[in-house]
Every structure is written in structure tokens, then in C-alpha cells.
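What follows is a short report on a single structure.
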Amino acid sequence: LRGGDRSALAQAVTLIESRKPEDERSGRELIDAALAFSGASVRIGITGVPGVGKSTFIEAFGSMLTGLGRKVAVLAVDPSSSLSGGSVLGDKSRMGRLAVDPNAFIRPSPAGKSLGGVTRRTRESILLCEAAGFDTVLVETVGVGQSELAVHSMTDCFLLLMLAGAGDELQGIKRGIVEMADVVAITKVDGENVNRAKVARQQVENALWLYPPSPSGWRAKAVLCSALTGMGIEGVWSQVSEFLDHERQSGEFDRRRTSQVNAWFREALEARVLDRFYAEPHVQERLAFLEERIRIGAISPRSAVESLLTG
Ligand SMILES: Nc1nc2c(ncn2[C@@H]2O[C@H](COP(=O)(O)OP(=O)(O)OP(=O)(O)O)[C@@H](O)[C@H]2O)c(=O)[nH]1
Ligand SMILES: [Mg+2]
């Protein structure tokens, strides 16, 4: 893994994604061993409504970055992929160039029943990619509305993709997501959309001004690009780099990482405590009984909780 061998990296990710009990310990030990060699990459979250062009953008952006000599890993958080069993990012067709690039590593979202499980595995995959020498990690959000917060909680820069031709409101993107954006890229600025792009940028920037600046005093700007023609793709990188420099200088970069790793710890702790609690035989027995009592109106949910916890 430390030699940067991509098949070793793929195997390592498979190990930490495994849900076999016998892999749990070695997966954990691997992460502990990788920890000392992790942290040196820039972690960029990429979000936007379905169909906005995330995968195509990552293909262009990632290829541009490997052209600059960087090593690029592409991961995804797709909490819905447990339904289909696979992941949308499986469409490596959208990333044909990157998929065969020796300086790139593409991994679809881990499948998982809960967003928490998917999030944990992606966070660990980031560490493994870094230990394997990848200096740029792109994490795509897939699915609608759930994964953005998770991806924001594991990246240094949150990049929101928007469309040039989609009219004047914020294209159905939730307020909270626009607020989280560190950089906004208006994509598909080609063909017919070129004329609309300047207006779109103005509208997006006006909307961004409604939000307070970030704790470090950064204000997200909108840049124009097209993954199809390559126009502006380097400009997006300049904007991301400018943001990261600003964050490093203000100390916010380290603060964000620290709060992320703390949040990870708390989430992992809470997940384990819950698992343990539900695994208790007396809890399993009493749960069905109490649910039935609640159903017939014999006991309130609040009293049922009290009854379960005290006895
Ligand atoms: N004209 C133009 N079309 C684009 C551009 N980028 C992507 N597209 C097209 O937009 C469609 C969606 O692109 P994807 O990259 O799959 O979008 P996505 O956001 O990853 O989609 P989901 O993963 O399904 O959410 C495809 O038909 C692309 O060919 C662009 O810069 N210009
Ligand atoms: Mg996609």
C-alpha cells in the first residue's frame, strides 16, 4: 500500500468495507497502521443535483490534476446504493480517461444499510488513499439530500456544481447546501448556455451574499466551467487552491480537520453503544413487548423508554 500499488489499495479498501466479523480486527489494525501516513492530501467534496454533471466534471478535473502531476483518488458516498447493491459511480464510462490513468484511483461508494456505515467506510478509504500516496481525494455525493452533510464532514473544501441554463432560482438546491459551499462552479457553460452563464453567475453570487461569511472570513465565489470543452476547469482548481490557502493561513484548515475527527469519534462511539444496547437479550425481548403496549395505548413511548432503561 505504501508503495502506491493500486491493487493493494483496492484490496485494502475491500478489507475495511467487509462486513465479515473476522475482517473487523484486521481492518481496524490496517487503519491504525495507515494513520501515521495519512492526512497529507487535499480532500474535496463535490456535490450538486442529480444530472448536474458531477461525474463528467470529475473526469475533466481529475485528468487535469493528474496532468499537473498530482495523484487523484475518487470516492463516493451513496447511501442509496445498498438498494441496488452497486453504486452510481460504477458508471466508470463517465470517467473513461481517469479510469485508465495510472495516477488515478476510482472507487465506487461502499454499499451499506445506513448512511453512518457508508460514511465510516468512506472516511477510512480516504486515509488508505493518502497512505498510498494520493495527494488529492475527490469525494462525490450521490443520491438526493442525505449524503451532502456526510461528505462535508470529511472534506477540506466543499465544491457545489450548478447549471448555467437553469433559470433564476437556486435550482432546487437546499439552502443549507448552498450555505456549506466553499466554491461554486457553474458547469455546462458551452453551446447555448454560454450566453446565460454570466447572468447565472451574477444570480448565484447575489444569492451567496445572503449568507454570512465562513468562520475564517471566506466568501464562496462562483466560477464558470464546462466539463465538455474543458473551459474553466483549471479556474475551478485555482479557486479551490485559493480557498485552501486562505483556510491554512487562518488556521481554519486544521480546526476543521480536528472537529471532523472528533465528530467521527463521537459517531463511531454512538453507533457502537447503540449496537451493543440492541444486542442485549433482555432488550430484544422487552422491545417487542413494549412496542405492543405502545400500540394498544397501554403505555406512552416515554414511559416505555424508562421501563426499558431501568429494568
Ligand atoms: N453540454 C454539457 N453536458 C455535460 C457537461 N457535463 C456533463 N454533461 C452531460 O450531463 C449529463 C449528466 O452528467 P453526469 O456527469 O452523469 O452528471 P452527474 O451529476 O454525475 O449525475 P448523477 O450521478 O446521475 O447525479 C450527461 O449526459 C453528460 O454528458 C458539460 O460540461 N457540458
Ligand atoms: Mg454521477
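The shown structure was predicted, so the numbers you read here are calculated from the model rather than taken from an experiment. Order of listing sets the numbers, starting from 1, for every ligand and every atom in it.
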So for Glu59, does at least one of its heavy atoms come nearer than 4.0 angstrom to any atom of ligand 1? no
Could you name the option among Glu192, Glu140, Lys188, Met95 that has the heavy atom nearest to atom 5 (C) of ligand 1? Lys188
With heavy-atom distances below 4.0 Å as the criterion, list the atoms of ligand 1 near Lys54. 15 (O), 17 (O), 18 (P), 19 (O), 20 (O), 25 (O)
What are the atoms of ligand 1, with element, lying closer than 4.0 Å to any heavy atom of Ser226? 31 (O)
Given side chain to side chain donor-acceptor pair (under 3.5 Å), test Ser18 with Asp23 step by step and report yes or no. CA-CA 6 Å; Ser18 167; Asp23 289 338; 2.6 Å; yes
Can you say whether the rings of Phe105 and Phe134 are parallel (under 30°), tilted (30 to 60°) or perpendicular (over 60°)? tilted
More than 12 heavy atoms from other groups under 6.0 Å of CD on Gln260: yes
Side chain, backbone, both or neither: which applies to Thr56 and ligand 1 if a contact is any heavy-atom pair less than 4.0 Å apart? both
Is it the case that atom CD in Glu22 sees more than 12 heavy atoms from other parts of the structure closer than 6.0 Å? yes
Leu228 heavy atoms within 4.0 Å reach ligand 1 at atoms 1 (N), 2 (C), 30 (C), 31 (O), 32 (N)
Work out the angle at the Mg ion (ligand 2) between OE2 of Glu140 and OG of Ser55, rounded to 10°. 80°
Which is closest to atom 17 (O) of ligand 1 by heavy-atom distance: Gly53, Cys225, Ala227? Gly53
Sole residue of Val183, Val184, Asp182 in side-chain contact (heavy atoms from CB on, under 4.5 Å) with Leu159: Val183
Does ligand 1 come near enough to Pro50 that some N or O of the ligand is less than 3.5 Å from an N or O of the residue? no
side-chain contact (heavy atoms from CB on, under 4.5 Å) filter on Asp5, not counting sequence neighbours, yields Ser7, Ala8
Partners of Ser241 by side-chain contact (heavy atoms from CB on, under 4.5 Å), sequence neighbours excluded? Trp237
Examine ligand 1 and decide if any of its atoms is less than 4.0 Å from a heavy atom belonging to Gly48. no
